[in-house]
A.B. asks: 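The structure follows.
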Protein chains: 4
Amino acid sequence: MEISARQVQKFNTRKKIIDTAYRIFSEKGFSVPTSVIAKEAGVSHGSIFVHFPTLNNLLVCLLSDFGDKMGRSLHILAKKCDSLEDLLNEHLNVLEENEAFYTRLISEKNRLPDEAKSTFAFIQSTVAFHFSSVVEREIEKGTVKKLPVHMLFNTWLGLVHYYLLNREFFAGFNGPVIRKYRGELLSTYLNLIRKS
Amino acid sequence: MEISARQVQKFNTRKKIIDTAYRIFSEKGFSVPTSVIAKEAGVSHGSIFVHFPTLNNLLVCLLSDFGDKMGRSLHILAKKCDSLEDLLNEHLNVLEENEAFYTRLISEKNRLPDEAKSTFAFIQSTVAFHFSSVVEREIEKGTVKKLPVHMLFNTWLGLVHYYLLNREFFAGFNGPVIRKYRGELLSTYLNLIRKS
Amino acid sequence: MEISARQVQKFNTRKKIIDTAYRIFSEKGFSVPTSVIAKEAGVSHGSIFVHFPTLNNLLVCLLSDFGDKMGRSLHILAKKCDSLEDLLNEHLNVLEENEAFYTRLISEKNRLPDEAKSTFAFIQSTVAFHFSSVVEREIEKGTVKKLPVHMLFNTWLGLVHYYLLNREFFAGFNGPVIRKYRGELLSTYLNLIRKS
Amino acid sequence: MEISARQVQKFNTRKKIIDTAYRIFSEKGFSVPTSVIAKEAGVSHGSIFVHFPTLNNLLVCLLSDFGDKMGRSLHILAKKCDSLEDLLNEHLNVLEENEAFYTRLISEKNRLPDEAKSTFAFIQSTVAFHFSSVVEREIEKGTVKKLPVHMLFNTWLGLVHYYLLNREFFAGFNGPVIRKYRGELLSTYLNLIRKS
DNA sequence: GATGAATGAGCGTTCATTCAT
DNA sequence: TATGAATGAACGCTCATTCAT
């Protein structure tokens, strides 16, 4: 069908834009001009606005896609995790795979459209959900200190985000942070929350 | 003296610009146009560039001032602190007093001139210095878990920054985060690092 | 083809800008603001920067075009010239056709980007080349005084430029200088360089 | 008298401004900001506008002073000149002493206020006057070709100006042109105008 | 649907000029 | 008279967005 062919083309163009934007934003942050995205994607500048009425809309879609992707990764990986250590390790795996973009997201969140925050919230709540169920079990078992679960979660996320946001302190300008500090992050955190 | 009167006037204008920039940047972030700063400060647009040759220079001066102010506060308050709890409380006091601007700083740090990063580093190293000396003592006394001091510090700062950077989750768009969560932050952190 | 239509339109806009810039710069010199060029050309201010990334680039393109045009004219006309008188006459023809812009070029050369100077040098060397070959022949024939060829050339160019640069002494503010003084310039110069 | 003291001060300030402007404009051309002139002169920016209501007025006064100075030099030197060669040599002496500023004047004349042109005209007419009386004598004596005197003059001035205006071709960016090419200029010109 | 030239509001910065001291 | 901080119009340039093709 002709219609289908068109739709395929449309889908491809849209995908090229999203993928390129993801890559460029990961590398240079969210203030890269749309014209640069278009050029890198190999599509016309106008095409961006055919698919996304405004730049904000592109961002929202991009973030939504990213949230879905992260969500899927987190759900899949979560199944395999029995212990908290496994879960945190898997969480770091997912972050490591998406480190550049995720770091931009938490770094420039305030400059992004409000809808971006729901993406962020969605990702965190997904993590939080799995985190909670595992941690609560461990608290019951007595292996983890009896503290409010959300505080344990915030501490973990705060620690990890601190490393991501200050990569230049830890890993040079563009180096991978998670890979380098995974062990230190995990052991410190586990040590802290465990009864000793 | 005439000279003095002029100097006072000049100083006042400079102060108006710095104070206004501090306020506006606190409220809206560092990408507010210079023309808005000027209008809010009640001076002409050109006046800004009489006092600060470039926007970058204004930012650097502003951040340097801010760093000095924070540094002074931290030094003064640190003297009074014997216990870690006191120290963290005082740290939160200083952050609370400067919450809006400090939050912008840690949030938009990567978009600021490189000199800004040294301001940030200076503030953190000041805190870290006092933190270390107190924590090491507590570790020796056996009241705090024996973990690398820098990791204990990063955990604390990560936790606090997490709350500041995600204020909208915790305290509505512009609400004060530190005041509201001071107790929870402190008790959680102290609980974690103490042997139980 | 669609592509062709677009390219024609683009070319036309570029041409409008170049032509208008050529005219305005001829009339008022090279420090006319880009906004004036745009308004006179009937395009938006931003359009100028779609076609020329910087003002300097516009100038360089304009001068390069002008140099090409002058170069072509000079080459074509030079072929027809056997005698020095013919050659100088043709040189004046070319200058007369481009008098206003050429005068601005020699007048404001030092304020233009360095690339502009190469345009100027290119034009002069083209003239010098033809001049030399003809003059050397005449020197051999004994009809022209035996003086260094480059000095004969500099004298000619100096004389012509003097009239162009001081048009207000000779021809009112915007009058054509070459047309009015062609005979006088030629006869004086030829008289000087010929043995008598 | 107090009034006298004030007048002396006033005169001194004015002189400092004129002298500095002369020096700076010689070095960098006429588009140097007034604030730079003031700083270099060691006076306040406002002082310039106490003595010269507008920048244009400063330029006019400066050029007028320069014209007077050149005029005096030319008159004094002219007295000593019997032969044309002497006269041209003295003309070059005067130009050499004022080469930098004179070159700026003939180079940027069109960007200067209209009154500047009268300065230029005055200087040239002074030279022309002495030139004419000497040349006419030589024509009568039969040592110089019988051509319109003003054309002989324009040829001379054209040649000299050509060298001054294209110094980068002849003498590197800031080198003295007259000193280097005096002999060549003189011998070429004299050779041309003399019967052979 | 895709194109990319055109748009124009807005940016940081400059600088001759003013004026209270 | 001298000062120099303050002014604001103007500049070159950017970039999200529009629209004729």
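All heavy atoms count here, side chains included; hydrogens, waters and symmetry mates do not. Sequence lines set the chain letters: A, B, ... in the order given, protein chains first and strands last, and positions in each chain run from 1. This one's a predicted model, so the numbers in the text were calculated from it and none came from an experiment.
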A.B. asks: Tell me, please, which residues at least two apart from B/Q9 pass side chain to side chain contact (heavy atoms under 4.5 Å, CB included).
C.D. replies: B/R6
A.B. asks: If you find the nucleotide of DNA chain F closest to D/S44 and the one closest to C/V36, which residue's nucleotide is nearer the 5' end?
C.D. replies: D/S44
A.B. asks: Would you say A/K117's side chain and B/E168's backbone share a donor-acceptor pair under 3.5 angstrom?
C.D. replies: no
A.B. asks: Between E/dG1, F/dA2, F/dA6, which nucleotide has the shortest distance from any of its atoms to the side chain of A/V50?
C.D. replies: E/dG1
A.B. asks: What N/O pairs connect the protein and nucleotides 16-18 of chain E at under 3.5 Å? Give each pair on its own line.
C.D. replies:
{"unit_1": "E/dA16", "atom_1": "OP2", "unit_2": "D/T34", "atom_2": "N", "d": "2.7"}
{"unit_1": "E/dA16", "atom_1": "OP2", "unit_2": "D/T34", "atom_2": "OG1", "d": "2.7"}
{"unit_1": "E/dT17", "atom_1": "OP2", "unit_2": "D/L55", "atom_2": "N", "d": "2.7"}
{"unit_1": "E/dT17", "atom_1": "O4", "unit_2": "D/H45", "atom_2": "ND1", "d": "3.4"}

A.B. asks: If you assign B/H51 and D/V43 each to the DNA chain F nucleotide with the nearest heavy atom, which residue ends up on the more 5' nucleotide?
C.D. replies: D/V43
A.B. asks: Paired with F/dA20: which nucleotide, if any, by Watson-Crick or G-U wobble criteria at under 3.5 Å for both distances?
C.D. replies: E/dT3
A.B. asks: Can you tell me if the side-chain N/O atoms of A/S47 get under 4.0 Å from OP1 or OP2 in E/dT3?
C.D. replies: yes
A.B. asks: Hey, which of D/F25, D/F120, D/F122, D/F101 is the one that makes ring-ring contact (aromatic ring centres under 6.0 Å, His included) with D/F66?
C.D. replies: D/F101
A.B. asks: Are A/E40 and A/R23 within salt-bridge range, i.e. N to O under 4.0 Å?
C.D. replies: yes
A.B. asks: So which of A/V60, A/L62, A/L59 actually passes side-chain contact (heavy atoms from CB on, under 4.5 Å) with A/L112?
C.D. replies: A/L59
A.B. asks: Applying the Watson-Crick and G-U wobble criteria at under 3.5 Å, what pairs with E/dG10? Answer none if nothing qualifies.
C.D. replies: F/dC13
